[in-house]
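Report on the structure given below.
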Amino acid sequence: MSKPSIAIICGGGPAPGINTVVSTVAKTFLKDGYRVIGVHGGYQGILSDDPQITDFDFAYADRIFSRGGSSLVMSRFKPKDSDFNTKFFTKFNVKLLVTIGGDDTASTANRLAKFLKKSELDVKNIHVPKTIDNDLPLPDRNPTFGFHSAKDEGVKIGNTIYEDAITSQNWFIMSAMGRSAGHLAFGIASACHFPMLIIPEMFNQTKVTLDKVVNLIISSMIKRKMEGIDYGVALVSEGVFHVIDEQELKDSGILFTYDAHGHPELGNVSKSNIFNVLVQEKLKKLGIQIKSRPVELGYELRCCRPIGYDLTLCTLLGTGVKKLFDEGVSGCIVTTNSKGDIKPMFLSEFENGDGVIPPRLVDTEAEIYKLSLHNLHFIDTKDLAKAKTVVTDPEPYEFNTILNWN
């Protein structure tokens, strides 16, 4: 029989630190005599008749550990049960499948492990969770790997944009990734002292609409104009866009491409551009002259080099994979707590009653969130009289009224 091996695949989109996990796992298992095989193309690769692989040695693993991106080609392919087969696992005598990805990648690994067990193959599986969205419910609200590096890169860009706003005396409307939760936008906006931040969690008392988002941005613009400040940056989490009613998007006049089911393909449009156009249209109706420009914070963040925090976290998670494997643990997600202890978590601990992993949202009761709101600029009730020097009827732009927080 061939030398026992472990296989590593990456699913979903990239996050800073993937190569650090891959490198650490490879080095740790090579040290104990295992063959380490990186499979390109995620599940599509490992289940194909002709998988593209990288056979790791120490030199290659050592070369990639601090790089951004992923040395293993990633894929969002989600196999059906009928796609499962044992060819790769028997050919390479695989003892462990290490998956790096989100909850879909983890749940597919569990399904595949059950299939392999029925096929009388003993292949353990351990999943390393990654997302720059920071929306997985990990212990102690610990961050998902890649989040801090992506935030750091976003802050670098955000600070440059804010400097441009000051220099040119105009506004920028920015959008940041985060489909379900506003962690990334919140972290960037707070660090950069942006005067307006809009995340889905803010709409806990009212429905999200395009008009409300636009009014929040204009509220900040009016407030600053009252104070003689003619510049600023408003950062909107893309998650806000994803919870707006589909019919409202269709009725908005925005040009979308549509999928086979007639749904707008939101990934094909620039959210910052859309909000900037809508803000400019409303400003013209109000007779307010404020120049603004759109900036999209998206793919620039996913493949940057990991910062020290993520290099340490990903190294810990990579060595944690070996620890759990040696303990005979399988079908789990490797996690760490605030003390750096490695713990296995199982999908059943994450899932709700419907078998869905609910996203971890920004905690709107946390003091850091409440204090950050004080750093924003917007019209509140005490500003209404003075705001009439800028706009005839300022009440629609009162922050708490827009969000129904009164």
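The figures that follow rest on heavy atoms only: side chains count, while hydrogens, waters and symmetry mates do not.
The backbone N or O of Lys212 sits less than 3.5 Å from a side-chain atom of Thr209, completing a donor-acceptor pair. Between the Arg35 side chain and the Lys3 main chain, no donor and acceptor come within less than 3.5 Å of each other. Checking side-chain atoms of Ser219 against main-chain N and O of Asn215 turns up no donor-acceptor pair under 3.5 Å. A donor-acceptor pair is defined here as one N or O able to donate and one able to accept, closer than 3.5 Å; such a pair exists between the side chain of Asn19 and the backbone of Gly68. Using modelled atom types, no side-chain atom of Asn404 and backbone atom of Thr206 make a donor-acceptor pair closer than 3.5 Å. A distance-only check finds no donor-acceptor pair linking the side chain of Ser149 to the backbone of Gly146 [under 3.5 Å]. Ser220 places no side-chain N or O within donor-acceptor distance of the main-chain N or O of Leu216, the cut-off being under 3.5 Å. Of the possible polar contacts, none joining the Gln52 side chain to the Val39 backbone as a donor-acceptor pair under 3.5 Å is found.
When only modelled atom types and interatomic distance are considered, Glu201 and Thr364 share no side-chain donor-acceptor pair under 3.5 Å. Side-chain contact annotation: Asp230 with Trp171, donor-acceptor N/O pair under 3.5 Å absent. With hydrogens and angles left out, the side-chain atoms of Ser272 and Glu296 include a donor and acceptor closer than 3.5 Å. A side-chain N or O of His40 and one of Thr54 form a donor-acceptor pair less than 3.5 Å apart. Looking only at atom types and distance, the side chain of Arg293 has no donor-acceptor partner in the side chain of Asn276 under 3.5 Å away.
Using a 4.0 Å cut-off between a side-chain N of Lys or Arg and a carboxylate O of Asp or Glu, Arg179 and Asp135 do not qualify as a salt bridge. Note on Asp62 versus Lys27: salt bridge recorded, some NZ/NE/NH1/NH2 to OD/OE distance being below 4.0 Å. With respect to Lys322 and Asp32, a salt bridge is recorded, a charged nitrogen being found less than 4.0 Å from a carboxylate O. Ionic pairing of Asp104 and Arg76 is not present here: no N-O contact between side-chain nitrogen and carboxylate oxygen is shorter than 4.0 angstrom. Ion pairing between a basic and an acidic side chain is recognised when a charged N comes within 4.0 Å of a carboxylate O; Glu281 and Lys285 show no such pairing.
Using bins of under 30°, 30° to 60° and over 60° for the plane-to-plane angle, the ring pair Phe194/Tyr162 lands in the tilted bin.
Counting heavy atoms of neighbouring residues, nucleotides and ligands inside a 6.0 Å radius, atom CD of Glu395 does not exceed 12 of them. In Phe203, the CZ atom is crowded: over 12 heavy atoms of neighbouring residues, nucleotides or ligands sit closer than 6.0 Å.
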**Request:** Could you go through the side chain to side chain contact (heavy atoms under 4.5 Å, CB included) check for Phe147 and Leu184 one step at a time?
**Result:** CA-CA 7 Å; Phe147 167 70; Leu184 194 57; 4.0 Å; yes
Checking side chain to side chain contact (heavy atoms under 4.5 Å, CB included) for the pair Lys95/Val123: CA distance, chi angles, key distance, verdict?
-> CA-CA 5 Å; Lys95 298 301 180 183; Val123 180; over 6 Å; no
Working note: Ile6 + Ile37, criterion side chain to side chain contact (heavy atoms under 4.5 Å, CB included); need CA distance, chi angles, decisive distance, verdict. CA-CA 6 Å; Ile6 71 158; Ile37 303 169; over 6 Å; no
Test Gln280 against Ser292 for side-chain hydrogen bond (donor to acceptor under 3.5 Å, both in side chains), laying out the working first.
CA-CA 7 Å; Gln280 283 298 314; Ser292 62; 2.7 Å; yes
Show your reasoning for whether side chain to side chain contact (heavy atoms under 4.5 Å, CB included) applies to Lys130 and Thr144. CA-CA 6 Å; Lys130 64 105 188 88; Thr144 53; over 6 Å; no
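The six-membered or imidazole ring of Phe29 lies near that of Phe325, with a centre-to-centre distance under 6.0 Å.
Contact check for Arg141 versus Asp363: side-chain heavy atoms found under the 4.5 Å cut-off. Between Lys87 and Lys91, the closest side-chain pair of non-hydrogen atoms is not below 4.5 Å. Counting heavy atoms from C-beta on, the side chains of Val295 and Ile173 never come closer than 4.5 Å. Counting only heavy atoms from C-beta outward, the side chains of Leu96 and Val321 approach each other to under 4.5 Å. Side-chain contact between Tyr369 and Ile199 is present, with at least one heavy-atom pair separated by less than 4.5 Å.
A cation-pi geometry, defined here as NZ or CZ lying under 6.0 Å from the six-membered ring centre and within 45° of its normal, does not hold between Arg111 and Phe84.
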Could you go through residues 331-347 and list every donor-acceptor pair under 3.5 Å that involves a side-chain atom there, pairing it with any protein atom two or more places apart or in another chain?
residue, atom, partner, partner atom, Å
Thr335, OG1, Lys343, O, 3.0
Thr336, OG1, Asp341, O, 3.0
Asn337, OD1, Lys339, N, 2.9
Asn337, OD1, Gly340, N, 3.1
Asn337, OD1, Asp341, N, 3.0
Asn337, ND2, Asp341, OD2, 3.3
Ser338, OG, Asp140, OD2, 3.1

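Note on residues 302-319: no pairs pass salt bridge (Lys or Arg N to Asp or Glu O under 4.0 Å), not counting sequence neighbours.
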